[in-house]
Amino acid sequence: MTKVLIIGSGISGLTCAIECASRGISTILVSPFPSERAQSVLAAGGINAVLRTDNGDSIEQHIKDTLNGGCNIAGVKAVTGLCSEAPDIVRWLEGLGTVFSRDKESKIMQRPFGGQTYPRTCFAGTSTGKQIVTALVMETRRYEGKGLIERRFWTDFYGALIKDKTCYGALLYNEATRTLESVTADAVVIATGGQNRMFSKTTGSTQCDGYAAGKLFEQGVELKNLEFIQYHPTAIETDRKNMLISEAARGEGGRLYYEDGGKRVYFMEDKFGEKGNLMPRDVVSKTMYETGRDIYLDVSFLGKAQILDRIPEVYDLCMKYRGLDITRESIPVKPSVHFFMGGIAVGLNHMTNISNLYAVGECASIYHGANRLGGNSLLAAVYSGRTAAKDIASRKVEQEPSDWSEFASREQGRLEAIREAEGAVFSVHIKNMLRENITGSLGIVRSEKEIDKSIEVLDHLIDVETSGMVRYDSSELEYFNYSLGGILKLGKAMLVCARSRCESRGAHLRSDYPEREESFKKATIISYDEGEFNTRLVGEDAYEG
Ligand SMILES: Cc1cc2nc3c(=O)[nH]c(=O)nc-3n(C[C@H](O)[C@H](O)[C@H](O)COP(=O)(O)OP(=O)(O)OC[C@H]3O[C@@H](n4cnc5c(N)ncnc54)[C@H](O)[C@@H]3O)c2cc1C
């Protein structure tokens, strides 16, 4: 029987575990926290699928919208698979117990989201992610009862067991015992979410710290399209993070404006017409940035009843963090880092360039090109989990047993030395510098000059880390805290990718290269080899690991 190790228990990891277990595959699912605390539960707006065609919508149109929204660099085959399976995915989730909102005729309601030709975002109030996670956890427990899934919490990914470009399992860090354990498996699936914590403030979870992607990059795993970082147009800033005002607020009719001499200017509608407020996120954020004004979102005209019925979480959030009553007042909003189109490079079957190592969900880069459409990432999380599981089952991989205990005890020794080291520079200081630099140079608009300055700082931080000058700060609240090498290299890789794309496309806007260039209608692949960061461009659907 095949044994699979899945790292990360958000929507993509849970789906992959269920799909593996349903095929009789023995599955271990690990994460530092239970699924109920994964970023997936924050998803408010909904999940996309074409459920009706009587309004003119079609799967072909969903494919077209997704490719156009991503500025035509996502693969046609990948996106076709994603959109074609969407209706079945929504029905499957409903069958597992996700309670989607329904209309008077008992049909699943669908609201318009940015970049869609027809309304196709299915939602469960404004807690779609929570509802989906709850349903998937229940199903996971069923397989746990049958002995097919083992869930391990308070357990972190430390690194993969890789030899000759093949993955044999992973080293896991047990937070309670503070020890490393080597766990072998026929296939390993990385489902660790985006790289939010590489920035000072985002709308996402601090669990999405980029550690796994960075560590794997150090270990020879290729990454892709790291320059494409989605700024969601509507967030409100608080002390520690940016709180998302879901696109559902604009889907329900919310209007963006700024004030000029006491008069409201509905700049998105003026520039793009009736659907202006629901242009793709890259377009809205860019246009907001270009106004140079304070921007407001008005939903008050919808009336209290509709606001409380359709976007209650937006109401609660504004009341809680700003004391703002959105049934009467406008919301001051600004763009915030939100989603990562880039991540671990995978082929159509979700395998990386390392045999038997897969990546799914937001940590993988394949469907969203240069800009993701709202509602497509929950879909991609489920679809990618399913796709990887199907591939693992069809390949019937069964590896020869291998012994990694010596490697594990060597790494344990290294970890203890790191923990005890009394270097002069606190780890928290290095992380803050990393975040400040990434935030400062990978804003909505970037330039070579700013990127180069940050690369210089990161090169220095990498030197500090490798020369053993770091003192690890155990008071930090982050769960796995004893390695900075990976995230520093991931940070540099993000900058190198952004520097190498000498054009403006989707969420990557360069002040020094403002035009879109045909020669860059490709994905950026970056690899790390003995200190060298190497980039290359690959064509649509061409990546096979
Ligand atoms: C506020 C907000 C609202 C959103 N709304 C929507 C929406 O309405 N529609 C939509 O389509 N998308 C939305 N998104 C995006 C969507 O929620 C995510 O892309 C998706 O849920 C990602 O799922 P995932 O399984 O890939 O990762 P996550 O849900 O982020 O799960 C990652 C898992 O990996 C674990 N992990 C991380 N690092 C390690 C490690 N080192 N070792 C072990 N485990 C680790 C975490 O603990 C967690 O269990 C939203 C995002 C945010 C932030």
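Every number for a ligand or one of its atoms is a count from 1 in the order of the listing.
- Nearest residue to atom 42 (N) of ligand 1 from Phe340, Phe157, Tyr173 is Phe157 (criterion: closest heavy atom).
- Per-residue contacts place Thr192 under 4.0 angstrom from the following atoms of ligand 1 (heavy atoms of the residue considered): 32 (C), 34 (O), 36 (N), 37 (C), 38 (N), 39 (C), 45 (C).
- Relative to the ring axis of Phe157, Lys215 does not place its NZ or CZ within 45° and under 6.0 Å from the centre.
- Within ligand 1, the atoms closer than 4.0 Å to a non-hydrogen atom of Ala44 are 5 (N), 8 (O), numbered from 1 in the order shown.
- Donor-acceptor pairing under 3.5 Å is lacking for the side chains of Asn376 and Tyr367.
- For Gly374, no nitrogen or oxygen atom sits less than 3.5 Å from a nitrogen or oxygen atom of ligand 1, counting backbone and side chain alike.
- His338 counts as a contact of ligand 1, since one of its heavy atoms falls under 4.0 Å from the ligand.
- Some N or O of Gln207 is nearer than 3.5 Å to an N or O of ligand 1, by distance alone.
- At a heavy-atom cutoff of 4.0 Å, ligand 1 is contacted by the side chain of Leu244 but not by its backbone.
- By the criterion of a heavy-atom distance under 4.0 Å, neither the backbone nor the side chain of Ile47 is placed next to ligand 1.
- When the heavy atoms of Gly361, Gly159, Pro32 are ranked by distance to atom 43 (C) of ligand 1, first place goes to Pro32.
- Ring centroid separation for the pair His368 and Phe339 comes in under the 6.0 Å cut-off.
- The residues Glu85 and Lys390 are annotated as salt-bridged, a charged nitrogen and a carboxylate oxygen being separated by less than 4.0 angstrom.
- Of the N and O atoms on the side chains of Tyr118 and Gln61, not one donor lies less than 3.5 Å from an acceptor on the other residue.
- Counting heavy atoms under 4.0 Å from ligand 1, residue Ser40 touches it through both backbone and side chain.
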Stepwise salt bridge (Lys or Arg N to Asp or Glu O under 4.0 Å) check, Glu150 with Arg152: CA-CA 7 Å; Glu150 178 196 344; Arg152 291 194 197 174; 2.9 Å; yes
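- Electrostatic pairing of Glu247 and Arg281 counts as a salt bridge here, judged by a charged N lying under 4.0 Å from a carboxylate O.
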Using residues 107-115 as the side-chain source, report each donor-acceptor pair under 3.5 Å to any protein atom, sequence neighbours left out, with the distance given to one decimal.
from   : atom 1 : to     : atom 2 : distance (Å)
Lys107 : NZ     : Glu105 : OE1    : 3.3
Gln110 : NE2    : Ala49  : O      : 2.7
Gln110 : NE2    : Arg120 : O      : 3.2
Arg111 : NE     : Glu252 : OE2    : 3.0
Arg111 : NH1    : Gly45  : O      : 3.0
Arg111 : NH2    : Glu252 : OE2    : 3.3
Arg111 : NH2    : Arg310 : O      : 3.1

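- With a 4.0 Å cut-off on non-hydrogen atoms, Arg372 touches ligand 1 through its side chain and not its backbone.
- The cationic atom of Arg410 (NZ for Lys, CZ for Arg) does not lie both less than 6.0 Å from the six-membered ring centre of Trp404 and within 45° of the ring axis.
- For atom 19 (O) of ligand 1, the nearest non-hydrogen atom from the set Lys215, Glu362, Lys241 belongs to Glu362.
- The structure places CG of Leu96 at 11.0 Å from CG of Leu14, a figure rounded to the nearest 0.5 Å.
- Considering backbone and side-chain atoms together, Ser9 places an N or O closer than 3.5 Å to an N or O of ligand 1.
- By the 3.5 Å distance cut-off applied to N or O atoms, Ile11 is counted among the residues near ligand 1.
- A salt bridge does not link Lys64 to Glu60: none of the charged side-chain nitrogens sits closer than 4.0 Å to a carboxylate oxygen.
- Annotation for ligand 1: atoms under 4.0 Å from non-hydrogen atoms of Gly375 are 9 (N), 10 (C), 11 (O).
- When each atom of ligand 1 is checked for a heavy atom of Gly204 under 4.0 Å away, the hits are 53 (C).
- By the criterion of a heavy-atom distance under 4.0 Å, neither the backbone nor the side chain of Ala380 is placed next to ligand 1.
- Nearest-residue assignment for atom 7 (C) of ligand 1 (options Gly343, Ser12, Gly46; heavy-atom criterion): Gly46.
- Near Cys208, meaning under 4.0 Å from one of its heavy atoms, ligand 1 places the atoms 30 (O).
- The shortest N or O to N or O distance between Gly45 and ligand 1 is under 3.5 Å.
- One side chain, Thr524 or Glu227, offers a donor N or O that lies under 3.5 Å from an acceptor on the other.
- Atoms of ligand 1 lying under 4.0 Å from any heavy atom of Ala191, numbered from 1 in the order shown and given with element: 32 (C), 33 (C), 34 (O).
- Between the side chains of Ser377 and Arg372, at least one donor-acceptor pair of N or O atoms lies under 3.5 Å.
- Of the inter-residue distances, the one linking His350 atom NE2 with Tyr358 atom OH reads 11.0 Å to the nearest 0.5 angstrom.
- Ligand 1 places these atoms under 4.0 Å from at least one heavy atom of Phe339: 19 (O).
- In terms of polar-atom proximity, Thr155 is not counted as a contact of ligand 1, lacking any N or O under 3.5 Å from an N or O of the ligand.
- Atoms of ligand 1 found under 4.0 Å from any heavy atom of Gly10, numbered from 1 in the order shown, are 25 (O), 29 (O), 31 (O), 33 (C), 49 (O).
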Pair Glu411-Arg414, salt bridge (Lys or Arg N to Asp or Glu O under 4.0 Å): steps then yes or no: CA-CA 5 Å; Glu411 286 298 310; Arg414 222 168 60 85; 3.3 Å; yes
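- Contacts of Ser246 with ligand 1, taken as heavy-atom pairs under 4.0 Å, are absent altogether.
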